[in-house]
Amino acid sequence: MTCPEKEGWGTAFEMMPRYSIFSLIRNALSYHEGWPRAWRSPEPKSSYDAIIVGGGGHGLATAYYLAKNHGMTNIAVVERGWIGGGNTGRNTTIVRSNYLWDESAALYEHALKLWEGLSQDLNFNVMFSQRGVLNLAHNQHDLRELSRRINANRLNGVDSEFLSPQEIKALVPIMDLRANGRYPVLGASIQRRGGTARHDAVAWGYARAADALGVDIIQQCPVTGFQVEDGQVRAVETAKGTIQARKVGIVTAGHSSVMAGMAGFRLPVQSLPLQALVSEPIKPVLDTVIMSGAVHAYVSQSDKGELVIGAGVDSYIGYGQRGSLPVTEQTLGAICELFPMFRRMRMLRQWGGIVDVCPDASPILSKTPVGGMYINCGWGTGGFKATPGSGWAFAHTVAKDEPHPLNAAFSLDRFRTGYLIDEHGAAAVAH
Amino acid sequence: MLVIPCPHCGPRGEIEFSYGGQAHIARPKDPEKVSDAEWADYVFLRDNTKGVFLERWCHVHGCRRWFNVARNTVTYEILAAYDAGAKPPKLDYETQV
């Protein structure tokens with residue numbers, strides 16, 4: 001290594017203390033003033049074996065598994081803003097794997113298995129809470145679709161059970177199940193291994209763990225272009241100069257089309273604002289996750305006591321991180337019908353994240369028409385739950401220059417061959 | 001909430017409208033001669049512009065007519081609304097993006 005390290009921080013390898021009960025006690029005795037920085041803030045080197053564009057959860061997970069599983073440590077993650085400032089810190093933190101189709105079930109279930117050991121693996125508490133996820137059925141058709149999906153899940157080894165209205169009432173006493181309500185609840189599926197995780201801890205944990213393996217995480221560094229020669233990517237142009245790269249992975253969610261445009265190819269995705277909101281904090285009333293695709297309302301309660309509410313996407317393309325008010329109104333209307341006791345609550349904050357939605361509501365983890373360039377996009381409204389599995393499979397794709405069997409079906413080419421993985425509605429939510 | 005200027009009914013709230021995606025996409029003239037890749041482009045590939053975008057809207061809860069809108073997808077400013085089938089008006093894209 002020719003680049004001299006700054007005195008005091010040293011290399012990542014020697015500076016990273018493990019978090020443990022002992023480090024907690026030690027730092028408590030010094031009034032928590034001695035905690036070291038969780039990851040370095042290096043200047044970019046002139047070249048890397050691979051550059052991951054996008055420092056969200058998926059990009060950081062990709063870098064982590066590239067280093068951990070494939071021994072690629074001369075790599076960098078370049079991030080336009082700051083770690084945890086994009087969709088990773090804007091979602092409703094729901095984790096589940098009860099998808100209908102085999103390809104999706106395999107990918108999301110692989111992610112869920114990684115979630116189950118993630119805090120230990122990263123040495124960072126991501127607060128993964130397997131509190132169960134319920135998907136509600138409001139009419140006979142919903143019930144049939146629910147049964148179909150439960151059976152498909154079980155055939156794929158994904159835990160999934162049917163709950164009758166009585167069983168739902170026992171689990172969630174505050175929900176209005178009356179048959180004369182506006183949205184009568186006729187049943188639900190439950191995935192007990194599903195739940196929530198602390199979303200920004202996921203970004204921080206992956207950033208810290210990747211940094212400890214030698215990955216350079218470069219924030220405040222927007223990408224302005226790519227150098228492509230003879231169909232092969234050579235370098236990434238950034239606000240901090242041109243960086244040579246043998247391989248480039250694009251993991252930029254709502255800005256995937258913008259990145260692809262710079263590299264000279266097109267993507268079948270549309271960028272739509274997806275919004276979420278949180279209420280004022282209250283005492284614990286809801287210890288599971290309730291989702292209703294039919295009325296587009298998703299709600300859980302955070303450890304702080306806030307209700308975390310997810311709404312639908314705007315119907316039109318937008319890059320403004322806010323979301324349209326009629327969407328908020330529709331979702332809150334449905335929440336108030338399902339939970340009459342929430343009617344007098346006030347909402348504290350509302351925001352949007354730009355999600356890239358594919359025509360079949362399934363992601364793209366694929367090689368691209370440019371050699372050495374790979375893309376991980378199209379996660380639409382449900383990317384958070386897949387973060388570990390997405391990074392794991394995409395790291396394989398980048399390292400080996402071919403997809404892993406888990407993501408082989410999620411290619412760019414599927415729109416030409418017609419082998420779509422149609423999770424619109426089938427994935428238990430309306431996208 | 002967008003206030004969309006319907007060319008026939010005037011400015012109305014976005015909840016009266018439904019979205020039709022990118023405007024000015026022509027169906028292939030000779031479908032028999034189109035390759036799979038060209039079909040995939042026609043069916044699935046749309047511009048996803050960050051900036052001024054030409055898009056279709058239908059006033060479903062009003063006059064029920066389709067028309068086109070030029071809208072900035074970052075600021076959400078609507079620059080023009082014009083009849084379906086008409087050519088887009090001249091816009092100074094550089095200064096608007």
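Chain identifiers are assigned alphabetically (A, B, ...) following the order of the sequence lines, protein sequences preceding nucleic acid strands; residue numbering begins at 1 within each chain.
- The contact between Val269(A) and chain B is made by backbone and side chain atoms together, counting heavy-atom distances below 4.5 Å.
- Remark: Tyr319(A) OH to Tyr76(B) OH distance equals 10.5 Å, nearest 0.5 Å.
- When each of Gly418(A), Pro268(A), Ser256(A), Ala260(A) is scored by its heavy-atom pairs under 4.5 Å with chain B, the top score falls to Pro268(A).
- Between atom OG of residue Ser315(A) and atom CH2 of residue Trp57(B) there is a gap of 4.5 Å, rounded to the nearest 0.5 Å.
- Between atom CG of residue Leu2(B) and atom OH of residue Tyr316(A) there is a gap of 3.5 Å, rounded to the nearest 0.5 Å.
- Atom NZ of Lys50(B) and atom CD1 of Ile354(A) lie 9.0 Å apart (nearest 0.5 Å).
- Remark: Tyr419(A) OH is loosely packed, at most 12 non-hydrogen atoms of other residues, nucleotides or ligands lying under 6.0 Å away.
- Asn48(B) contributes atom CG, which lies 8.0 Å from atom CG of Leu272(A) (distance to the nearest 0.5 angstrom).
- Under a cut-off of 6.0 angstrom, the local environment of CZ in Arg64(B) is sparse, with at most 12 non-hydrogen atoms contributed by other residues, nucleotides or ligands.
- Within the 4.5 angstrom heavy-atom criterion, no atom of Ser18(B) approaches chain A.
- Within the model, atoms CG of Leu325(A) and CD of Glu14(B) stand 9.0 Å from one another, a figure rounded to the nearest 0.5 Å.
- Only the side chain of Ile15(B) comes within contact range of chain A, with heavy atoms under 4.5 Å apart.
- Contact check on Arg416(A) versus Asp41(B) returns no salt bridge, with no Lys/Arg side-chain nitrogen under 4.0 Å from an Asp/Glu carboxylate oxygen.
- Taking both residues in full, the closest heavy atoms of Arg322(A) and Val74(B) are given as NH2-O, 4.0 Å, listed atom of the first, atom of the second, then distance.
- The candidate from Gly261(A), Gly254(A), Pro326(A), Cys358(A) with the greatest count of non-hydrogen atom pairs under 4.5 Å with chain B is Pro326(A).
- The shortest heavy-atom contact between Thr49(B) and Ile317(A) is O-CG2, 4.2 Å.
- For Gln232(A), the CD atom is densely surrounded, since the number of other residues' heavy atoms within 6.0 Å is greater than 12.
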